[in-house]
Asker: 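Below you will find the structure I want to go over with you.
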Amino acid sequence: MSLVVSTGMISLNHTGISHTIFHFLGIPGLEDQHVWISIPFFISYVIALLGNSLLICIILTKHSLHEPMYLFLCMLAGADVVLSTCTVPQALAIFWFRAGEISLDRCITQFFIIHCTFISESGILLVMAFDRYIAICYPLRYTTILTHALIGKIGVTIFLRSFCMIFPIIFLLKRLTFCQNKIIPHTYCEHIGLAKYACNDISVNIWYGLFVIVSTVVLDVLLIFVSYLLILHAVFHMPSRDARHKALNTCGSHVCIIVLFYGPAIFTTLTQRFGRHIPPHIHILLANVCILVPPMLNPIIYGIKTKQIREQVVHIFFPKQK
């Protein structure tokens, strides 16, 4: 991709600075520990890949699990596979082989997939909260409201929302002239992390990035909160204690997933905003936790806390005990 270079940048061209190739540093300051750091990355990725793939196979092949809750869970597992596969193998290549070189177009593509998937997961968590609200507040109409046709439309809407929100950022990045440092102190590409190496004004990138976060992730969190307020209101008006316990138990797995997904992301954002004295490698490690932990633990949590999935897993690995 050709980039327009202003007259003032001619001297920079003579220095040999590349405008289309970048190099990942990995975890800055911990380069000599990359081999050891790669071990939890590799283990987390294997668990995430196997766990989510198994979850998808179980849900798709067992007709008894073709219920709204499990179909949404299948979507979440698919998003987890995409998110971890888009980031972890590259990080391992950096740690093991020092293969940190990446083209601008590939970097933008990676950023696009990561951000689309992250926003999609947020949307899936929102509709899973809506699913629990319908199941608890309108149990007799549950299957008639959440039909397979509606679930399919919800899945398409989640994807289109993510795509339409992130797609303009491609053009916001393409318009920039990258003339500063080509060393990226990270393991994957981020929007502002890449834009800050441009010599243009990136105010539009910053404001649009903020708009995307507020109109998707922040809005999703608020709607999830409202959903659970309505759920709690309905639960505590149930006459039977057993009914209340059963209703809350069905929400347990989803609440754990919400905490795992939004918790590290919020903590990372706060440390980047207020933790000016925190070493850079801590920021990078926290950013990777947001990518590593949820895809690894999501299938484990649902496998442990959901009886139907647990029974299918036991049947697969220990058929004689079924």
Side-chain angles (χ1 to χ4, degrees), residues 48 51-52 55-56 59 65 67-87 113-137 142 145-146 150-166 212-232 234-235 247-270 287 289-306 309:
N52 285 291
L55 202 58
I56 293 171
I59 293 172
L65 296 181
E67 297 179 8
M69 182 181 76
Y70 300 111
L71 294 176
F72 290 134
L73 178 58
C74 187
M75 293 181 193
L76 184 67
D80 281 338
V81 170
V82 173
L83 185 63
S84 55
T85 300
C86 186
T87 54
I113 295 173
I114 292 173
H115 285 63
C116 267
T117 307
F118 188 85
I119 292 176
S120 294
E121 288 209 29
S122 181
I124 294 168
L125 290 177
L126 172 60
V127 297
M128 290 175 80
F130 175 72
D131 165 78
R132 290 300 84 202
Y133 168 74
I134 298 296
I136 292 173
C137 298
Y142 179 61
I145 294 175
L146 291 174
L150 179 59
I151 293 171
K153 291 176 183 178
I154 290 174
V156 172
T157 302
I158 290 172
F159 171 76
L160 288 178
R161 182 188 73 155
S162 304
F163 182 88
C164 293
M165 281 293 183
I166 301 301
V212 170
I213 292 297
V214 171
S215 60
T216 55
V217 177
V218 174
L219 180 61
D220 290 347
V221 171
L222 291 176
L223 292 176
I224 289 172
F225 180 73
V226 171
S227 297
Y228 271 96
L229 285 180
L230 295 174
I231 289 172
L232 290 174
V235 167
L248 291 174
N249 190 53
T250 62
C251 298
S253 300
H254 185 239
V255 171
C256 291
I257 300 300
I258 290 173
V259 173
L260 276 175
F261 182 78
Y262 292 112
I266 293 173
F267 184 74
T268 300
T269 302
L270 291 175
V289 166
C290 297
I291 301 296
L292 288 171
V293 175
M296 177 184 67
L297 293 183
N298 286 353
I300 296 175
I301 290 172
Y302 268 96
I304 292 174
K305 294 186 70 65
T306 308
I309 293 176

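None of these values were measured; they are calculated from a predicted model. Residues take their numbers from the sequence shown, with the count starting at 1. Side-chain atoms are counted along with the backbone in the values below, which use heavy atoms only and exclude waters and symmetry mates.
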Asker: One pair to check against side chain to side chain contact (heavy atoms under 4.5 Å, CB included): Ile154 and Phe72. What are the steps and the verdict?
Answerer: CA-CA 10 Å; Ile154 290 174; Phe72 290 134; 4.1 Å; yes

Asker: If every non-hydrogen atom of Cys86 is compared with every non-hydrogen atom of Ile114, which pair is closest and at what distance?
Answerer: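 Cys86 and Ile114 have their closest heavy atoms at SG-CG1, 3.9 Å.
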
Asker: At what distance, to the nearest 0.5 angstrom, does CD1 of Ile257 lie from CG of Leu125?
Answerer: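 Going from the CD1 atom of Ile257 to the CG atom of Leu125 covers 7.5 Å.
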
Asker: Say whether, by atom type as modelled, one donor and one acceptor occur between the side chain of Arg161 and the main chain of Ile119 under 3.5 angstrom.
Answerer: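 Confirmed, Arg161 side chain pairs with Ile119 backbone.
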
Asker: Begin with the C-alpha distance, continue with both residues' side-chain angles, and end with the deciding distance and a verdict on side chain to side chain contact (heavy atoms under 4.5 Å, CB included) for Val214 and Leu219.
Answerer: CA-CA 6 Å; Val214 171; Leu219 180 61; over 6 Å; no

Asker: Do Pro264 and Val293 touch side chain to side chain, with heavy atoms closer than 4.5 Å?
Answerer: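 Answer no - side chains too far apart.
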
Asker: Is there side-chain contact between Ile231 and Cys251, with heavy atoms separated by less than 4.5 Å?
Answerer: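 Counting from C-beta outward, Ile231 and Cys251 do come under 4.5 Å.
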
Asker: If we only count heavy atoms from C-beta on, is the Phe267 to Val289 side-chain gap below 4.5 Å?
Answerer: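 No - every pair of side-chain heavy atoms lies 4.5 Å or more apart.
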
Asker: Can a donor-acceptor pair be found, under 3.5 Å and without considering hydrogens, that links the side chain of Ser162 to the backbone of Ser120?
Answerer: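 Yes, because the side chain of Ser162 sits within donor-acceptor range (under 3.5 Å) of the backbone of Ser120.
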
Asker: Rounded to the nearest 0.5 Å, how far does CG of Leu230 lie from OH of Tyr133?
Answerer: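 Spacing of OH (Tyr133) from CG (Leu230) equals 5.0 Å.
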
Asker: Mind checking ring-ring contact (aromatic ring centres under 6.0 Å, His included) for Tyr228 and listing every partner two or more places apart, or none if nothing turns up?
Answerer: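 In terms of ring-ring contact (aromatic ring centres under 6.0 Å, His included), with neighbours along the sequence ignored, Tyr228 is linked to His254.
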
Asker: Got a sec, which residues hit side chain to side chain donor-acceptor pair (under 3.5 Å) with Ser215, two or more places apart in sequence or on another chain?
Answerer: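 So Ser215 forms no side chain to side chain donor-acceptor pair (under 3.5 Å) with any residue.
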
Asker: Identify the heavy atoms of Lys305 and Ser253 that sit nearest to each other, and give their distance.
Answerer: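 Minimum heavy-atom contact is CB-OG, 3.1 Å.
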
Asker: Can you tell if the side chain of Ile300 reaches within under 4.5 Å of the side chain of Leu297, non-hydrogen atoms only?
Answerer: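 Contact flag for Ile300/Leu297 side chains = yes.
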
Asker: How long is the straight-line distance from SG of Cys116 back to CD1 of Ile158, given to the nearest 0.5 Å?
Answerer: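 Rounded to the nearest 0.5 Å, the CD1-SG separation comes to 13.0 Å.
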
Asker: CG/Asp131 to CD1/Ile151 distance, rounded to the nearest 0.5 angstrom?
Answerer: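 Answer rounded to 0.5 Å: 7.5 Å.
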
Asker: Rounded to the nearest 0.5 Å, how far apart are CG of Asn52 and CG of Leu73?
Answerer: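 Rounded to the nearest 0.5 Å, the CG-CG separation comes to 8.5 Å.
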
Asker: Is the side chain of Ser122 donor-acceptor paired with the backbone N or O of Phe118 at a distance under 3.5 Å, no angle test?
Answerer: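 No, the answer is negative, given that no donor and acceptor are paired below the 3.5 Å cut-off.
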
Asker: For residues Tyr70 and Cys74, determine if any side-chain heavy atom of one lies less than 4.5 Å from a side-chain heavy atom of the other.
Answerer: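 Contact flag for Tyr70/Cys74 side chains = no.
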
Asker: Ala234 and Cys137: which non-hydrogen atoms are nearest, and at how many Å?
Answerer: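 Heavy atoms only, the tightest pair is CB-SG, 3.5 Å.
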
Asker: Would you say that Leu146 contacts Met69 through its side chain, given a criterion of any heavy-atom pair below 4.5 Å between the two side chains?
Answerer: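 A side-chain contact is absent here, since even the closest heavy-atom pair is not under 4.5 Å.
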
Asker: In chain order, what residues pass the side chain to side chain contact (heavy atoms under 4.5 Å, CB included) check against Phe225, with sequence neighbours excluded?
Answerer: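 Phe225 satisfies side chain to side chain contact (heavy atoms under 4.5 Å, CB included) with Leu229 once adjacent residues are dropped.
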
Asker: Any chance you could measure Leu248, atom CG, to Leu232, atom CG, to the nearest 0.5 Å?
Answerer: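 Taking CG in Leu248 and CG in Leu232, the distance rounds to 6.5 Å.
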
Asker: Report yes if the side chains of Ile301 and Leu260 come closer than 4.5 Å at any heavy-atom pair, otherwise no.
Answerer: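 Contact flag for Ile301/Leu260 side chains = yes.
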
Asker: Does Val82 offer a backbone N or O that forms a donor-acceptor pair with the side chain of Thr85 under 3.5 Å?
Answerer: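 The answer is no, because no donor-acceptor pair under 3.5 Å joins these two groups.
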
Asker: Can you name the closest pair of heavy atoms from Ile124 and Ala79 and give their distance?
Answerer: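 Shortest heavy-atom separation between Ile124 and Ala79 comes out as CD1-CB, 4.4 Å.
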
